[in-house]
Amino acid sequence: MIKFRDRKLVVGLEIGTSKVCALVGEVLSDDSIVNIIGVGDCPSRGMDKGGVNDLELVVKCVHRAIDQAEMMADCHISSVYLALSGQHIRCQNEIGMVPVSEEEVTQEDVEIVVHTAKSVRICDEHRILHVIPQEYAIDYQEGIKNPVGLSGLRMQAKVHLITCHNDMAKNIIKATERCGLKVDQLIFSGLAASYAVLTEDERELGVCVVDIGGGTMDITIYTDGALRDTTVIPYAGKVVTSDIAYALGTPPLDAEMLKIKHGCALESMVKKDENVVVPSVGGRPARNVQKQTLAGVIEPRYTELLTLVNDRILQLQEQLRQQGVKYHLAAGVVLTGGAAQIDGLSTCAQQVFHTQVRIAQPLNITGLTDYTEKPYYSTVIGLLHYGKECYLHNKTEIEKHTAVSNWLKRIHSWLRKEF
């Protein structure tokens, strides 16, 4: 959290396979909105599938993005909320149970039962990244969202744990700290993206969010308002670019531009008489290629990627069905991320998922929306929403502590007068 000229600022930093992005957001009086006042981004180097493979290159990219964001926001950035992804991300659903200490449930009881639920064995060399309550039960009453104040003898909590490999986390934190930045919190990229693009109704009805980046696809699945599954698939937009480069004999950078500017994920949507200029390698002259040929390379790979996601959805739905938990995704599938910005993707996805699909851009933001209202920025804007929630929670805790402290002072003053 940065306080600059009485402004309450949060900073999100995403170090992805394709891009490094830093955003500065101002927490406004409207709790649901983040005002974007600074943007910095640059192509990423030294990252692959969420992992650091060249520390010095990553540090240079982070420096460049942070410098741009500082200049635009007119502030000095000292700490960030940092996104993390990669195949090492794991999840598990756990249950904790405790007796209710008083006649009714207190906040302390809730903290104890959540702590009990997370006190389980996790994968070797992993650490817990997030502990997210799903629901509570008191005695025979189930499906409770907020148990504080309710009466009962015994309380149970179901939680969703997200873990990460310790060394992978250390490496991306090290790259950030080399730039003189403190990491306020490490946050799973897929969770951050869901904060940016989902509505409360979608979470309640059941929805799958797929953040399609350059190196990974981050999946989060909600049913009945609770997070049920988080998965990272280590294939994404770069494999599509690689296919184009090999199939058309063009340099990878040119293949990426062809995908972005002229690509389509559904061959049948492209007119036969449309052509595109394809650069060649080794000084050879550029060629005209039918756009249908380009789409014919792109569609099979996107279909394959989305099928991997669908397989995970079906696997989870079967697990939830066996547990007696709601498993229907009535709100369908939400696609976001840089590699979701391609023509025809929603139609292609509907053919794979057989449900409604939307391409999502970030919600509940103001300020520099011309820059940031794109699927490309979903994860980093989600970091700002996450940071805003942390700030408001801490502010509430401080206000409570101050109120109690003032009350104790008044009691102490009264006692001194009496005696």
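Here the structure is a predicted model, which is why all the values come from computation and not from measurement.
- Stacking of R203 on the aromatic ring of Y222 is recorded, both the 6.0 Å distance cut-off and the 45° axial limit being met.
- Considering all non-hydrogen atoms of both residues, D184 and S79 come closest at OD2-OG, 3.0 Å.
- Considering only heavy atoms from C-beta on, L227 stays 4.5 Å or farther from H130 through its side chain.
- Crowding of E102 atom CD: a count of heavy atoms from other residues, nucleotides or ligands under 6.0 Å not exceeding 12.
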side-chain contact (heavy atoms from CB on, under 4.5 Å) between Q156 and K158, intermediate numbers included: CA-CA 7 Å; Q156 175 183 283; K158 293 181 179 180; 3.9 Å; yes
query: For C179 and I66, what are the C-alpha separation, side-chain angles and deciding distance, and is it a side-chain contact (heavy atoms from CB on, under 4.5 Å)?
result: CA-CA 9 Å; C179 299; I66 291 292; 5.7 Å; no
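- Judged by distance alone, the side chain of T250 and the main-chain N or O of V278 form no donor-acceptor pair under 3.5 Å.
- Interatomic distance, R301 CZ to T241 OG1, rounded to the nearest 0.5 Å: 11.0 Å.
- Using a 4.5 Å heavy-atom threshold, the side chains of R127 and C164 count as touching.
- Separation of atoms CZ (R312) and CG (D229) is listed at 4.0 Å; rounding is to 0.5 Å.
- Taking the side chain as every heavy atom from C-beta outward, E56 and R178 approach each other to under 4.5 Å.
- With a 4.5 Å cut-off on side-chain heavy atoms, I172 and M47 count as touching.
- Nearest heavy atom pair, residue A286 against residue P279, reads CB-CA, 4.1 Å.
- Judged by distance alone, the side chain of R284 and the main-chain N or O of V281 form a donor-acceptor pair under 3.5 Å.
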Which pairs would a plain distance check flag for residues 362-377, meaning a side-chain donor or acceptor within less than 3.5 Å of a matching protein atom at least two apart in sequence or in another chain?
{"unit_1": "T366", "atom_1": "OG1", "unit_2": "N35", "atom_2": "OD1", "d": "2.9"}
{"unit_1": "T372", "atom_1": "OG1", "unit_2": "L368", "atom_2": "O", "d": "2.9"}
{"unit_1": "K374", "atom_1": "NZ", "unit_2": "D370", "atom_2": "O", "d": "2.7"}
{"unit_1": "K374", "atom_1": "NZ", "unit_2": "Y371", "atom_2": "O", "d": "3.2"}
{"unit_1": "Y377", "atom_1": "OH", "unit_2": "D41", "atom_2": "OD2", "d": "2.5"}

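- In K145, the NZ atom is crowded: over 12 heavy atoms of neighbouring residues, nucleotides or ligands sit closer than 6.0 Å.
- Residues T220 and F188 meet the side-chain proximity criterion, which asks for heavy atoms closer than 4.5 Å.
- Side chain of S242 to main chain of K238: no donor-acceptor pair is present (N/O by atom type, distance under 3.5 Å, no hydrogens or angles).
- Between L13 atom CG and L384 atom CG the span is 10.5 Å, to the nearest 0.5 Å.
- Listed here is the closest heavy atom pair of R64 and C42: CD-CB, 3.8 Å.
- Taking CD from E125 and CG from N166, the interatomic distance works out to 8.5 Å, rounded to the nearest 0.5 Å.
- In this structure, the separation between SG on C91 and CD1 on I221 is 9.0 Å, given to the nearest 0.5 Å.
- Within 6.0 Å of CD in Q350 there are more than 12 heavy atoms belonging to other residues, nucleotides or ligands.
- Counting heavy atoms from C-beta on, the side chains of L9 and I37 come closer than 4.5 Å.
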- prompt: Stepwise, does the side-chain contact (heavy atoms from CB on, under 4.5 Å) test hold for V52 with K174?
  reply: CA-CA 10 Å; V52 178; K174 186 184 295 182; over 6 Å; no
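- Within 6.0 Å of CG on L55 lie more than 12 heavy atoms contributed by other residues, nucleotides or ligands.
- Q292 places a side-chain N or O within donor-acceptor distance of the main-chain N or O of V270, the cut-off being under 3.5 Å.
- Distance alone, capped at 3.5 Å, is enough to place a donor-acceptor pair between the R287 side chain and the L248 backbone.
- Residues in residues 256-267 take part in these salt bridge (Lys or Arg N to Asp or Glu O under 4.0 Å) pairs, two or more places apart or across chains: E256-K259.
- Side-chain contact check for T307 and N310: no donor-acceptor pair (N or O, by modelled atom type) lies under 3.5 Å.
- Taking both residues in full, the closest heavy atoms of A192 and T379 are given as CB-O, 3.5 Å, listed atom of the first, atom of the second, then distance.
- Scanning all heavy atoms of the two residues, the minimum distance from G214 to S18 falls at CA-OG, 3.3 Å.
- Formation of a donor-acceptor pair under 3.5 Å by the T17 side chain with backbone atoms of K49 is found in this model.
- Of the possible donor and acceptor atoms, none in the side chain of T231 sits under 3.5 Å from a partner among the backbone N and O of I219.
- Within a 6.0 Å radius of CD in E142, no more than 12 heavy atoms belonging to other residues, nucleotides or ligands are found.
- Of the possible donor and acceptor atoms, one in the side chain of E202 sits under 3.5 Å from a partner among the backbone N and O of T199.
- A 6.0 Å sphere centred on CD of E274 holds more than 12 heavy atoms belonging to other residues, nucleotides or ligands.
- The closest side-chain heavy-atom distance from T230 to D218 is not below 4.5 Å.
- The shortest heavy-atom contact between L186 and L84 is CD2-CD2, 3.8 Å.
- Taking the six-membered ring for Trp and thresholds of 30 and 60 degrees, H165 and H88 have ring planes more than 60 degrees apart, a perpendicular arrangement.
- For M71, the CE atom sits in a loose shell: 12 or fewer heavy atoms of surrounding residues, nucleotides or ligands are nearer than 6.0 Å.
- Within the 3.5 Å criterion, the main-chain N or O of K118 finds no donor-acceptor partner in the side chain of E94.
- Salt-bridge check for K19 with E14: passed, with a basic side-chain N closer than 4.0 Å to an acidic carboxylate O.
- The CG atom of L383 sits 11.0 Å away from atom OH of Y195, with the distance rounded to the nearest 0.5 Å.
- With hydrogens and angles left out, the side-chain atoms of D211 and S189 include no donor and acceptor closer than 3.5 Å.
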query: Run the side-chain contact (heavy atoms from CB on, under 4.5 Å) check on L258 and V289 step by step: do they pass?
result: CA-CA 11 Å; L258 285 169; V289 173; over 6 Å; no
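- Listed for the Q317 side chain is a donor-acceptor partner under 3.5 Å among the backbone atoms of Y327.
- With no hydrogens or angles considered, a side-chain donor-acceptor pair links Q185 and Y386 at under 3.5 Å.
- The side-chain heavy atoms of F353 and V309, taken from C-beta on, include a pair separated by under 4.5 Å.
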